[in-house]
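Have a look at the structure below, then the notes.
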Amino acid sequence: MNQVAVEAGRLRQALMGLVLGLVMVLAVTLGGGGMGGGGAIAAAAPADSLTVHLGTADGGLRFEPSQLQFVVGQRYRLVLDNPSPEKHYFTAKDFADGIWTQKVQAAGVEVKGAVHELELKPGAIAEWVFVPERPGRYELHCAIAGHAEAGMVGQLDIVAASP
């Protein structure tokens, strides 16, 4: 990746952080002035929550659901869980390049910044909070040898917001 693209990505993340900070300030200001004023403090707009299972409890190699749709500019909380007896990957690099990741949280650790792939061991749960930025149709697959070929693939669509 060239230096201009890296700097552009950093600038985009900084601007999204600034926008979310302004949203929080406006929510506090317009919502009643803080803790004692009757208004609620909002860290950001509420996130739509979706859950994707990586594999099945009986060892099935598939994502459930395997097709998801997101709207540009809307905040999402994607919960990934692995009910399977083996590890799986949630691999969607191009999709990840088309979103702004606020955080990924798992096992008491919060990761900030760009994420392209998540590995979930058996029984693991991860939360990915993000805002889609670039419309398109993106491939999802498990990067473990043989898993995608066995059907562990999916499709992630980002669509433009309705006027």
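Because only heavy atoms are used, hydrogens play no part in the values below, and waters and symmetry mates are left out as well, while side chains stay in.
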Using distance only, find each side-chain donor-acceptor pair of residues 54-61 under 3.5 Å and give its atom names and separation, not counting sequence neighbours.
from: Thr56; atom 1: OG1; to: Asp58; atom 2: OD1; distance (Å): 2.4
from: Thr56; atom 1: OG1; to: Gly60; atom 2: N; distance (Å): 2.6
from: Asp58; atom 1: OD1; to: Gly60; atom 2: N; distance (Å): 3.3

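- Here the side chain of Asn82 pairs a donor or acceptor atom with the backbone of Glu86 at under 3.5 angstrom.
- For Ala148, the side chain to side chain contact (heavy atoms under 4.5 Å, CB included) partners are His141, Val153, not counting sequence neighbours.
- The side-chain heavy atoms of Val159 and Pro135, taken from C-beta on, include no pair separated by under 4.5 Å.
- Of the residues listed (Leu68, Val71, Val129), the one engaging Tyr76 in a side chain to side chain contact (heavy atoms under 4.5 Å, CB included) is Val71, and it is the only one.
- Between atom OG1 of residue Thr101 and atom CD of residue Glu133 there is a gap of 9.0 Å, rounded to the nearest 0.5 Å.
- Between Phe130 and Phe95, the ring center distance clears the sub-6.0 Å criterion.
- Expressed to the nearest 0.5 Å, how far NZ of Lys87 lies from CD of Glu119 amounts to 4.0 Å.
- Summarising the geometry, atom CZ belonging to Arg137 is positioned 7.5 Å from atom CD belonging to Gln67; distances are rounded to the nearest 0.5 Å.
- Interatomic distance, CD of Glu117 versus SG of Cys142, reported as 8.5 Å (0.5 Å rounding).
- Distance CD/Glu127 to CG/Asp81: 12.5 Å, rounded to 0.5 Å.
- No side-chain heavy atom of Val52 sits less than 4.5 Å from a side-chain heavy atom of Leu50.
- In the hydrophobic clustering, where aliphatic and aromatic side chains (Ile, Leu, Val, Met, Phe, Trp, Tyr) are joined below 4.5 Å either directly or transitively, Ile125 groups with Val79.
- Between Val115 and Trp128 the shortest heavy-atom distance is O-CZ2, 3.8 Å.
- Between Met152 and Phe63, the closest side-chain pair of non-hydrogen atoms falls below 4.5 Å.
- Ile158 and Leu156 fall within the same hydrophobic cluster, defined by Ile, Leu, Val, Met, Phe, Trp and Tyr side-chain heavy atoms under 4.5 Å apart, directly or through other members.
- Across every non-hydrogen atom of Tyr89 and Ala143, the tightest pair is CB-N, 3.7 Å.
- Residues Trp100 and Gln102 meet the side-chain proximity criterion, which asks for heavy atoms closer than 4.5 Å.
- Annotation: the span from His116 atom NE2 to Thr91 atom OG1 amounts to 11.5 Å, rounded to 0.5 Å.
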